[in-house]
Each structure stands twice: as C-alpha cells, then as structure tokens.
Amino acid sequence: MKLTTWNINSVRLRLPLLKNLIAVHNPDVIALQEIKTADEFFPYEGVRALGFPHIEVRGQKGYHGVAILSKLPLTKPHRLSLLGHGDSRHITATLPDGTELHNFYVPAGGDIPDRVENPYFGFKLDYVDAMREWFAAQRTKKDKMILVGDLNVAPGEHDVWSHKQLLKIVSHTPEETSRLDQFQAGLDWLDAARHLAPAPEKLYTWWSYRNKDWRASNRGRRLDHIWLTQPLAPRLKRLDTLTDARDWPQGSDHVPVTVELQSS
DNA sequence: ATGGTGGATGCTCCA
C-alpha cells in the first residue's frame, strides 16, 4: 500500500500534476492539503478519471482545504474542527485494513513569532496543542493510525537549511518545535522519514517560491510529515520524497512524500 | 534589514 501526502496549492490549477505524481509514485491513497476550493468546485470527475473513485473532500472557498483520494474504499469519514474555528484543516477516513488516516493542514502562523504582535502565531501554537490533546483524549498508541499532512513545522535541526538562521523564523522556533515534539511523543508516533533517514541527513519537502533558483540555494524546510503509530511500524518499507516535482511546470512549493507499507 | 513569489479573489488575504 502506497500513500502520498502533498500540499498541492490549488487542486484545480494543478490537477494535471496529479497525473505526474501517479506516473512516478503510483500511490493507492493521496492526502492533499491546500486544495483552495469549495466542495462544489472540486474536480471530482478529473480525479475519478485518474483512477481514484473514493474521494473525501473538506473544502473552503479560497483558502486551506484538505482531501483524501483513494483507489481503496474509505469508510467512517470525519472532520475535526479543533479550537472551534471555521477553517478546513482536517479530514479523516478509515482504510480497508482498519487503519485510520488523519490528514492535517496546520496553520502557517504568519511571519512574526509572537502571540501578541501576531495572532496567527498564537493560533498555530494552540492548534498543535489541540491536536495533541484530542489524540490523548480520544485515541491510544495501540490504535492503528497514520497521520499525514503539511504540519508547517520543521522540527529538527536537520529539517532546515540553517538551524541557527531559522530559530526565529516561523516554522522552526522552539515554541513550535517543542510543541510538535510533545505531540509526537504523546502517542509515541513514528516519524517515517526520520526513521528511514536519521539525522544528520538533511531532509526537505518545501522550498519557497521567493528563491529564484531553489535547487542552487537549497534553502528548504521539512514541513510535510508522515507519522505512524507503533502497531504499523513493522510494515514501514520505504519513503520517497519527490524532489523533482518542485521543477514541474507551475509546480507547488511543496513536493509529494510517499510511504510504502507492507500488506498486513 | 529588506523584499522576494504565488494562488484565489476581486481593488486584499493568506501563505
């Protein structure tokens, strides 16, 4: 079973790029973030034509929005609205083997890493805390779960191009990374990418549009994640980051990350 | 220290 997470940055604009992803990684399940469309404008027909008949969408006009596309039947779709806000930032569904897949788009948090000056930053910190609290209250580490998405935090020193230069940059501040670490530790989530490629190897999944030559400057960050609960850990076979997707014509600033799990 | 790009939307917000 292959599962991809990708912040596609507009599913309507980049529907053709989904075809590229399928040609290279051939996933069974795709979790998308930032689809940037209301449900009624989601390209259902186009996605079905690519071989994904099972589709769960939680859209929003203009911003955010998440979706799960699957070749395999999905059951028990559900949406969390953490903190009671109206943003479309989470959707979950259950795969045929009973694994519960959670797809998150964590708030980016604005530019200034200060709750008082920048309410978006406080919202982001509170959102990560609310994720941790929800799983602590509603699930256990013995449940079979996969958590994927754009978590908008590069937690480790080697998840950014310069640890020192990014310590005060939103996505890598100690306030964010300590919260994400605490969340991860809560249910003993396995970070699939780091399990297979331990530090100090550099791993990035996002390069800003504002860098002219992203490959030459390589100022990347690892913002997109795939976590597994321990019952699934023995099934983890492989993880691929599709770095070349950053060069696709009109590409997203995030690249797809695919994990392969052995059948249960 | 600054400004750099992109998408959806509609004379701006969010990333």
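Since this is a predicted model, take the numbers as computed values, not measurements. Just so it is clear: chains get the letters A, B, ... in the order the sequence lines come, proteins before strands, and each one is counted from 1.
For B:dA15, neither phosphate oxygen OP1 nor OP2 lies less than 4.0 angstrom from any side-chain nitrogen or oxygen of A:R221. Taking side-chain N and O atoms only, A:R12 has a distance below 4.0 Å to OP1 or OP2 of B:dT9. Contact between the side-chain N/O atoms of A:Y120 and the OP1/OP2 oxygens of B:dC14 is found at a separation under 4.0 Å. Within the 4.0 Å cut-off from OP1 or OP2 of B:dG4, not a single side-chain nitrogen or oxygen of A:K212 is found. Listed pair A:H64 / B:dA8 fails the phosphate criterion, with no side-chain N or O lying under 4.0 Å from OP1 or OP2.
A:L223 places its CG atom 13 Å from the P atom of B:dA15, with the value rounded to the nearest Å. Taking atom CG of residue A:L15 and atom P of nucleotide B:dG7, one finds them 15 Å apart after rounding to whole Å. Across the protein-nucleic acid pair, A:R219 atom CZ and B:dG4 atom P stand 16 Å apart, rounded to whole Å. Per the geometry, OH belonging to A:Y63 stands 12 Å off P belonging to B:dT12, to the nearest Å. Taking atom CG of residue A:D111 and atom P of nucleotide B:dG3, one finds them 13 Å apart after rounding to whole Å. Distance, A:N211 CG to B:dA15 P: 19 Å, rounded to whole Å. Taking atom OH of A:Y105 as the reference point, atom C1' of B:dA15 lies 6 Å away to the nearest angstrom. A straight line from OH of A:Y209 to P of B:dC14 spans 19 Å, rounded to a whole angstrom.
Atom CG of A:D181 sits in a crowded spot, with more than 12 heavy atoms from other residues, nucleotides or ligands closer than 6.0 Å.
Within the 3.5 Å criterion, the main-chain N or O of A:A108 finds a donor-acceptor partner in the side chain of A:K124. Between the side chain of A:D188 and the backbone N or O of A:T229, no donor-acceptor pair lies under 3.5 Å. Although no hydrogens or angles enter the test, the distance criterion places a donor-acceptor pair under 3.5 Å between the side chain of A:D143 and the main chain of A:T140. Although no hydrogens or angles enter the test, the distance criterion places no donor-acceptor pair under 3.5 Å between the side chain of A:E260 and the main chain of A:K237.
Using a 4.0 Å cut-off on heavy atoms, the residues of residues 30-47 of chain A that approach DNA chain B are A:E34, A:K36, listed by number.
Residues A:L13 and A:D150 each lie close to DNA chain B; by heavy-atom proximity, the contact nearer the 5' end of the strand is made by A:L13. Both A:A108 and A:N9 lie close to DNA chain B; mapped to their nearest nucleotides by heavy-atom distance, the more 5′-ward contact belongs to A:N9.
Taking A:H85 as the reference, A:F123, A:Y127 meet the ring pair (Phe, Tyr, Trp, His ring centres under 6.0 Å) condition, with sequence neighbours excluded.
In summary, of the residues considered (A:M145, A:K76, A:H78, A:K144), a side-chain contact (heavy atoms from CB on, under 4.5 Å) with A:T94 occurs for A:K76 alone.
In this structure, A:I146 and A:L232 have side chains that are in contact, with non-hydrogen atoms separated by less than 4.5 Å.
Rounded to the nearest Å, the gap between the P atom of B:dG7 and that of B:dG3 is 22 Å. Of the P atoms belonging to B:dA15 and B:dT9, the separation is 15 Å, rounded to the nearest Å. Look at the P atom in both B:dG6 and B:dT2: the space between them is 23 Å, to the nearest Å.
You'll find that the side chain of A:R210 is closest to B:dT5, out of B:dG10, B:dT5, B:dG7.
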